[in-house]
Amino acid sequence: MSERRSNAYRYKLIAPSLEQAVAVVAVLSFALVTIVFVWRTKYNLEFFPINGAFQTFNPSRRICAGETPGADFNPYLGLGTTYVIAFLTYIFGCNFAASQLSNHLIHVVCHWLAFLMLFRLCGSSIKNAIIFSSFIITLLLMAFFEPFSLYFINDLYYPADYRFFYSWQELMTPANSNLGLRSALPFITSFIALAGLHFVKKAKLQSLLLGGLIGVQPFWSNDYGIPSTIALITITIIYIVKAHSSRRAVHFSLVAVSSLTTFLILGLALTKGRLLYWLKENFTGVAADQFWYFDIRKYIFYPGYLRIQSGKIIELEDVVNYLFHPFFLVYLSALATITLAVLAAQKPLDRKQIHYLFLVYVGMTAFGAGTLSSLGGTFSWRYYNTARLVSYFIVPVAIILIAQRTKLSTHLQKLLVSTKRRYKNSLVDFTVISHQCVVVFLLTIFIAEILSVTVVHLPLTRAYGDNYFYVETLGGWLPNYFKAAFQIAEQIRDETQMLPNTQRMLSTYASMMDVVVGSKNVTGVDYIIHALGDKARQNYLDHWRVAPPEYITTIREDFTDWESWIRRLNWWFYRSFAHDYKPVVATPYNIVWKRSSTPTAYDTSAADCTIRRERNNTVELSVAIRNRLNSNNLNEVYVVDLALNYYLDVKPSGIPFLGKRELINATETRTPFSKPIAFIGNRSYGLPPRHQDWHIPVEVRPGTTSTLRLVGYPETRSTLVVERCSAQLFAPTSTFAVTKVLQPANISNSEWEKGISVASGEKATPLPSFMANEAVAATIYPGDTITFASSNSRRIVAVEGGRVWVTGPELDPLNDGYPHSAVITQK
């Protein structure tokens with residue numbers, strides 16, 4: 001007996017100090033790993049030219065220049081997320097490096113807060129929630145991200161297309177659209193609400209607080225703002241009903257007045273008085289005109305597995321198949337179980353039940369945001385990454401609540417009591433030992449991190465060496481891959497420095513070059529895919545025409561298939577500038593166009609367009625070029641400008657929201673180039689559901705016919721009517737490319753014959769190569785297409801100095817080498 005008391009007493013003395021040690025070490029480890037991870041992003045500024053870091057920095061750059069979101073430009077990712085990143089960017093220096101640092105920092109902190117709130121809402125103490133969340137984030141950062149990058153851990157998971165790693169990457173890093181920050185809204189709201197309900201004891205003030213939080217939600221982001229508003233209203237109603245037996249109408253009125261007042265005051269402040277304009281642009285423009293899909297594939301349902309390559313939720317059967325996936329069944333069942341448990345609880349709700357209520361709010365918001373994003377775009381599991389995280393918590397809670405309502409809990413409780421009685425001393429000792437092991441483990445990590453920071457990552461400039469170069473205007477280092485684009489941007493900056501910043505350069509995807517040039521997109525839309533709705537598109541064109549910039553940059557089609565899709569969706573802009581601008585130079589990822597003093601004249605004679613109805617919802621368009629071209633042009637592929645007047649009539653289904661879902665999918669069933677559009681093997685894109693004068697490009701070779709199939713959805717209730725189809729030659733496809741003539745060097749020795757390599761290549765895989773003028777070779781890049789005098793077209797694999805490696809079999813020195821020339825196409 002005395003030994004048991006001694007162990008229990010010793011545990012009571014040791015446990016609190018061990019818990020504090022664990023908490024301190026966990027937080028310090030989390031902080032240091034975060035600093036290393038985040039600070040590195042401030043210097044290594046490598047970026048993807050589209051849908052990435054500059055999508056976040058461009059709004060911050062505008063705010064730092066004095067512009068107001070919602071008034072001067074429409075922040076696509078939402079007002080709340082835009083202001084948060086802009087505020088941090090301003091603190092850290094208002095450059096691209098500051099934006100990168102701010103964005104990575106806020107994502108790690110928000111993910112930590114998400115774990116913290118989930119543990120707290122599930123019943124953990126504040127101290128334990130801090131320990132658990134800090135420990136998890138520390139391990140995740142060290143396992144998956146640079147500079148630690150233990151990527152092999154990912155391979156230990158199941159070999160699926162959508163790897164475990166990417167779900168964490170989407171939430172812990174900015175990824176391509178700040179999903180982690182957007183999804184932090186319910187966790188931030190829960191933190192504020194629970195703190196307010198704890199410290200504010202007066203019932204009316206609590207109602208005002210909840211109402212104010214409801215009014216803030218819509219401004220955060222389009223995908224999370226609306227579901228969070230609905231979910232928060234739902235749990236607020238439950239809370240008031242359970243907390244107050246009388247005068248509920250007063251509390252509901254306070255919530256309504258507070259939410260409306262907060263919405264109006266905050267909206268007017270954030271948009272500088274243009275709240276109504278922002279609402280129209282953000283919801284009637286953006287939300288009503290998102291035809292961001294490629295092909296329509298029906299959901300294929302297997303027992304226990306739902307395979308969705310690409311698809312839209314259109315009809316009731318899609319929703320049924322979609323919700324019958326095991327994940328959604330378990331997730332929604334867990335949410336329903338927790339909700340019923342809260343509703344069945346006695347009045348008033350205790351702290352535990354209030355936490356469960358906010359767990360329901362978080363779960364509802366995460367699921368609602370994923371569903372709303374899938375409705376607006378194309379179904380993707382990435383939209384449900386937050387829901388997957390939440391499921392790790394709500395499912396165990398639901399199981400515990402079910403067990404408490406059955407005899408299973410009685411049996412488990414008896415087993416637990418019996419185990420405690422039999423192994424009481426060893427359990428106490430084990431608890432103490434486990435705490436000690438955790439402290440030692442975390443201290444080891446902590447010491448390793450200190451050594452990593454001080455020895456490896458503190459002298460950050462040493463880590464880059466000859467493979468990186470410093471860009472002062474960005475505030476950090478870029479890989480040499482971007483040097484060509486940087487040098488071209490410097491030349492444009494020097495040439496246009498006397499012009500207003502709105503007349504220097506316009507980029508369909510504004511990125512590093514725009515910052516170096518010091519240009520400002522005159523249209524107010526830095527990513528052309530965000531110019532949604534007829535009004536936004538017309539504003540884009542009007543602003544460009546009033547002050548046409550000296551240069552325009554577009555993404556290269558051979559850099560990403562995405563550009564083929566962008567060009568078709570936004571042909572309204574390409575067809576407007578292509579005759580007035582000429583492509584003059586290419587970077588590894590974009591084409592630079594320069595404004596001409598006189599428009600370039602092309603043969604713009606009419607072409608033939610034939611309309612053939614296949615079904616009620618399907619129309620095939622056949623396009624052919626009339627034989628009016630010179631014989632020299634018969635092998636040239638032309639872009640034909642197709643003008644359509646059409647509409648899609650959809651019969652109502654009687655189901656709200658699903659009855660009038662209207663989609664039109666265009667698929668290039670036959671064209672001269674079998675190139676993918678957006679995804680491999682996919683040659684389709686979307687159209688607005690109706691338009692009187694919509695223009696799309698079709699590639700046609702003289703003497704042949706190209707076909708385009710238009711399909712309206714939902715299939716069984718849609719009638720697609722094309723009232724007019726007129727076709728006109730626009731320009732040869734070569735108009736959109738930069739071409740260079742490159743001559744192999746006049747070198748002949750034991751290794752070279754007429755500039756063509758006759759020795760084994762120095763690369764890992766022997767490849768044919770040739771030697772060219774180093775100055776010209778510096779302007780070509782891996783991925784470019786090169787056509788030799790006698791050999792077929794090849795792809796350039798690598799360029800080092802004047803030596804160029806290409807794909808395919810060996811080159812012919814006699815017919816490909818000096819003095820013959822090769823033509824390089826950069827498109």
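Starting from 1, each residue takes its place in the sequence as its number.
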* His111 and Val108: CA distance, side-chain angles, deciding distance, side-chain contact (heavy atoms from CB on, under 4.5 Å) verdict -> CA-CA 5 Å; His111 205 47; Val108 174; 5.9 Å; no
* Asked: Given Leu266 and Leu79, is the side-chain contact (heavy atoms from CB on, under 4.5 Å) satisfied, shown in steps?
  -> CA-CA 11 Å; Leu266 185 61; Leu79 288 173; over 6 Å; no
* To do: In sequence, state the C-alpha distance, the side-chain angles, and the governing distance for Ser228 and Tyr361, and then conclude on side chain to side chain donor-acceptor pair (under 3.5 Å).
  => CA-CA 8 Å; Ser228 181; Tyr361 155 67; 2.8 Å; yes
* Under the side chain to side chain donor-acceptor pair (under 3.5 Å) rule, what do Thr386 and Tyr224 come out as? Steps first, then yes or no, please. => CA-CA 11 Å; Thr386 308; Tyr224 273 83; 3.1 Å; yes
* To do: Could you go through the side chain to side chain donor-acceptor pair (under 3.5 Å) check for Thr189 and Gln217 one step at a time?
  => CA-CA 9 Å; Thr189 301; Gln217 305 301 304; 3.2 Å; yes
* To do: Would you please test Leu113 and Leu116 for side-chain contact (heavy atoms from CB on, under 4.5 Å) and show each step?
  => CA-CA 5 Å; Leu113 179 64; Leu116 176 71; 4.0 Å; yes
* Determine, step by step, whether Ile240 and Phe252 satisfy the side-chain contact (heavy atoms from CB on, under 4.5 Å) criterion, reporting the C-alpha distance in whole Å, the side-chain angles of both residues, the deciding distance to 0.1 Å, and the verdict. => CA-CA 8 Å; Ile240 290 176; Phe252 286 136; 3.7 Å; yes
* To do: Using the side chain to side chain donor-acceptor pair (under 3.5 Å) rule, take Arg120 and Ser190 through it: C-alpha gap first, then chi angles, then the decisive distance, then the call.
  => CA-CA 10 Å; Arg120 181 70 175 137; Ser190 297; over 6 Å; no
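Across all non-hydrogen atoms, the minimal contact from Ser124 to Ala129 is CB-N, 4.3 Å. Nearest heavy atoms, Thr138 versus Ala26: OG1-O, 4.3 Å. Gly363 approaches Tyr331 most closely through the heavy-atom pair O-OH, 2.7 Å. Between Ser177 and Gln55, the shortest heavy-atom contact is CA-NE2, 3.8 Å. The nearest pair of heavy atoms linking Leu105 to Thr34 is CD1-CG2, 4.1 Å. Smallest separation of non-hydrogen atoms from Met364 and Thr234: CE-OG1, 4.0 Å.
More than 12 heavy atoms of other residues, nucleotides or ligands sit less than 6.0 Å from atom NZ of Lys201. Residue Phe87 places its CZ atom among 12 or fewer non-hydrogen atoms of other residues, nucleotides or ligands, all under 6.0 Å distant. With a 6.0 Å radius and a threshold of 12 heavy atoms from other residues, nucleotides or ligands, Phe191 has its CZ atom at or below the threshold. Few gaps surround CZ on Arg248; more than 12 heavy atoms of other groups in view lie less than 6.0 Å from it. Counting non-hydrogen atoms of neighbouring residues, nucleotides and ligands closer than 6.0 angstrom, the CD1 atom of Ile126 reaches no more than 12 such neighbours.
For the atom pair CG of Leu32 and CG of Leu141, the computed distance is 11.0 Å after rounding to the nearest 0.5 Å. Here the CG-CD1 distance, from Leu372 to Ile230, works out to 8.5 Å after rounding to the nearest 0.5 Å. Separating the CD1 atom in Ile214 from the CG atom in Leu232 is a distance of 4.5 Å, to the nearest 0.5 Å. Between atom CG of residue Leu254 and atom CG of residue Leu205 there is a gap of 9.0 Å, rounded to the nearest 0.5 Å. Expressed to the nearest 0.5 Å, how far CD1 of Ile394 lies from CG of Leu332 amounts to 8.0 Å. Remark: Ile238 CD1 to Leu343 CG distance equals 5.0 Å, nearest 0.5 Å.
For Phe219 and Phe263, the distance between ring centers is under 6.0 angstrom. In this structure, Phe115 has its ring center no closer than 6.0 Å to that of Phe187.
With contacts defined as side-chain heavy-atom distances shorter than 4.5 Å, the pair Tyr83/Leu270 qualifies. Annotation: side chain of Asp223 is not in contact with side chain of Tyr383 (no heavy-atom distance under 4.5 Å). No side-chain heavy atom of Ser221 sits under 4.5 Å from any side-chain heavy atom of Leu77. Using a 4.5 Å heavy-atom threshold, the side chains of Pro348 and Lys242 count as separate.
Side-chain contact annotation: Arg247 with Ser253, donor-acceptor N/O pair under 3.5 Å absent. A donor and an acceptor atom, one from each side chain of Ser183 and Asn385, are nowhere located under 3.5 Å apart. Between Gln206 and Tyr239, the side chains place a donor N or O and an acceptor N or O closer than 3.5 Å (distance only, hydrogens not considered).
Using a distance-only test at 3.5 Å, with no hydrogens or angles considered, no donor-acceptor pair links the side chain of Thr262 to the main chain of Ser259. Proximity of a side-chain donor or acceptor of Trp220 to a complementary backbone N or O of Thr81 within less than 3.5 Å is not detected. In this structure a side-chain-to-backbone donor-acceptor pair under 3.5 Å is present from His104 to Gln100. Side-chain N or O atoms of His251 include none that pairs as donor or acceptor with a backbone N or O of Ser207 at under 3.5 Å. Under a 3.5 Å cut-off, the side chain of Ser258 and the backbone N or O of Gly212 do form a donor-acceptor pair.
Ring pair Trp112/Phe30 is parallel by interplanar angle, where below 30° counts as parallel and above 60° as perpendicular.
Asn178 pairs in a side chain to side chain donor-acceptor pair (under 3.5 Å) with only one of the listed residues (Asn103, Thr173, Thr82), which is Asn103. With Leu359 as the fixed residue, the side-chain contact (heavy atoms from CB on, under 4.5 Å) test singles out one of Ile338, Leu335, Val342: Ile338.
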